[in-house]
Colleague: 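Supplied in structure tokens, the structure appears directly below.
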Number of protein chains: 2
Amino acid sequence: MTPKSCNYDAAYGLFFGSLANHNRFSIISVLRDEKKNVTEICESTGFEQTMVSHNLKRLDHCGMVFSEREGKCRYYRVNEKTIKPLLKLIDAHIKKYCCKILTGER
Amino acid sequence: MTPKSCNYDAAYGLFFGSLANHNRFSIISVLRDEKKNVTEICESTGFEQTMVSHNLKRLDHCGMVFSEREGKCRYYRVNEKTIKPLLKLIDAHIKKYCCKILTGER
DNA sequence: AGTACAGATGATTGTTTAGTCATATGACAC
DNA sequence: GTGTCATATGACTAAACAATCATCTGTACT
């Protein structure tokens, strides 16, 4: 499949859907500053291993994290090029609108 | 509620969840370049009015669109400050990763 | 006040998603 | 090869979501 033939719409859905889940967002957050293996992610987040693996798979799938094996462990790191500016942008948005977001006021 | 007391995590979920839905994304897309009222959005997208209203409510709720009444109509426009750079960022990401995203290759 | 147009809301239902359990694979050490 | 640690996968169920339907509110015009 060439990039031109890709179905961009579906890709958008997968991309944003990946960040919409609270647990995946937590995983991204603990990886924000340093790479970690699955066990370390579990410890940092308190999540179960299978759940973390499932969610890492999805994040990897969307190009949000990269991974590499080191001996018995597989280390994951965020795709800094996308994730860092994205989170920065959204942080600013939420700082400004979070109250509206959470209360639903119009 | 002051910004400091906000529950940011929930806000992130609402924010990204809003963009994860294909129909909401279409609505954002047709508003990307010009403001439109609900009827016009329906015409541009082919969606039903009630569905559009429900989804606009959510987008408004997240600070992604703003609205103002003009006579009988209510016009919606995107929050350019957030949406434009966001979409630009994601466009670049997806151009690079969409094939992986859609095929699931590792 | 009555009608018509524009949009919003609430309830219901079918679909999607996500966490959990059981199990499988992969890598290393002995 | 066997055991153990690290991670991945598939199937299943429960919870979340989103579209639809029926109905309601708001504005303008007469």
Side-chain angles (χ1 to χ4, degrees), chain A residues 9-28 30-31 35-62 64-77 101-106, chain B residues 9-28 30-31 35-62 64-77 101-106:
Chain A
D9 281 352
Y12 281 109
L14 278 168
F15 183 90
F16 289 117
S18 293
L19 289 168
N21 178 270
H22 183 271
N23 296 333
R24 277 192 295 269
F25 193 79
S26 298
I27 291 171
I28 291 277
V30 304
L31 293 176
K35 70 174 182 177
K36 282 187 158 68
N37 65 39
V38 178
T39 302
E40 290 169 342
I41 295 170
C42 291
E43 286 163 358
S44 297
T45 57
F47 299 154
E48 294 213 29
Q49 179 265 314
T50 49
M51 192 257 260
V52 169
S53 279
H54 276 301
N55 283 320
L56 282 171
K57 185 181 183 183
R58 164 113 185 219
L59 292 170
D60 175 275
H61 182 193
C62 293
M64 287 176 183
V65 301
F66 302 126
S67 71
E68 56 193 334
R69 185 173 276 286
E70 284 183 27
K72 280 199 289 187
C73 303
R74 178 171 289 275
Y75 279 84
Y76 286 85
R77 63 193 164 82
I101 288 178
L102 292 168
T103 61
E105 76 183 46
R106 301 205 55 168
Chain B
D9 281 353
Y12 281 108
L14 278 169
F15 183 89
F16 288 116
S18 294
L19 289 168
N21 178 270
H22 185 271
N23 295 333
R24 277 192 294 270
F25 193 80
S26 298
I27 291 172
I28 292 277
V30 303
L31 292 175
K35 72 174 182 178
K36 284 187 157 66
N37 65 39
V38 178
T39 302
E40 289 168 343
I41 295 171
C42 292
E43 286 164 357
S44 297
T45 57
F47 299 154
E48 294 213 30
Q49 180 265 314
T50 50
M51 192 258 260
V52 169
S53 279
H54 277 299
N55 283 319
L56 282 169
K57 187 180 182 182
R58 164 114 185 219
L59 293 170
D60 175 274
H61 182 195
C62 293
M64 288 178 184
V65 301
F66 302 126
S67 71
E68 57 194 332
R69 185 172 275 287
E70 284 182 28
K72 280 198 289 186
C73 302
R74 179 171 288 274
Y75 279 83
Y76 287 85
R77 62 192 164 85
I101 289 177
L102 294 169
T103 62
E105 76 183 48
R106 298 203 60 166

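Computed from a predicted structure; not experimentally measured. A, B, ... follow the sequence lines: proteins, then strands. Residue 1 opens every chain.
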Colleague: Using five pairs at each end of the helix from C:dA1-D:dT30 to C:dC30-D:dG1 to define an axis, what is the angle between those two axes, to 10°?
Modeller: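 Between the first-five-pair axis and the last-five-pair axis there is 30°.
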Colleague: Determine the interplanar angle of the B:Phe16 and A:Phe16 rings, folded into 0 to 90°, and report it as parallel if under 30°, tilted if 30 to 60°, perpendicular if over 60°.
Modeller: parallel
Colleague: Using a cutoff of under 3.5 Å, can you pull out all pairs of nitrogen or oxygen atoms linking the protein to nucleotides 18-20 of chain C, with atom names and distances?
Modeller:
| residue | atom | partner | partner atom | Å |
| --- | --- | --- | --- | --- |
| C:dA18 | OP1 | A:Arg24 | NH2 | 2.5 |
| C:dA18 | O5' | A:Asn21 | ND2 | 3.3 |
| C:dG19 | OP1 | A:Asn23 | ND2 | 2.3 |
| C:dG19 | OP2 | A:Asn55 | ND2 | 3.3 |
| C:dT20 | O4 | A:His54 | NE2 | 3.3 |

Colleague: Atom OH of B:Tyr75 to atom P of C:dA6: distance rounded to whole Å?
Modeller: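 So the two atoms are 10 Å apart, to the nearest Å.
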Colleague: So if I take every side-chain heavy atom of B:Val38 and compare against C:dG7, D:dA28, D:dA8, which nucleotide ends up nearest?
Modeller: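 The answer is C:dG7.
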Colleague: For the pair made of CD1 in B:Ile41 and P in C:dG7, what is the distance, rounded to whole Å?
Modeller: 8 Å
Colleague: If I compare all heavy atoms of B:Arg58 with all of B:Leu14, which pair ends up nearest, and what's the gap?
Modeller: NH2-O, 3.0 Å
Colleague: If you apply the rule side chain to side chain contact (heavy atoms under 4.5 Å, CB included), what do you find for B:Cys73 with B:Thr39, and how did you get there?
Modeller: CA-CA 8 Å; B:Cys73 302; B:Thr39 302; over 6 Å; no
Colleague: Can you check the A:Asn37 CG to D:dT7 C1' distance for me, whole Å?
Modeller: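 About 10 Å, once rounded to whole Å.
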Colleague: Tell me: NZ of A:Lys57 to P of D:dA11, nearest whole Å?
Modeller: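 Value for this atom pair: 11 Å.
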Colleague: Let's test your reading of the model: under 3.5 Å, does the base of C:dA8 pair with the side chain of B:Gln49 as donor and acceptor?
Modeller: yes
Colleague: CG of B:Leu56 versus C1' of C:dA6: gap in Å, rounded?
Modeller: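 Those two atoms, CG and C1', are 13 Å apart.
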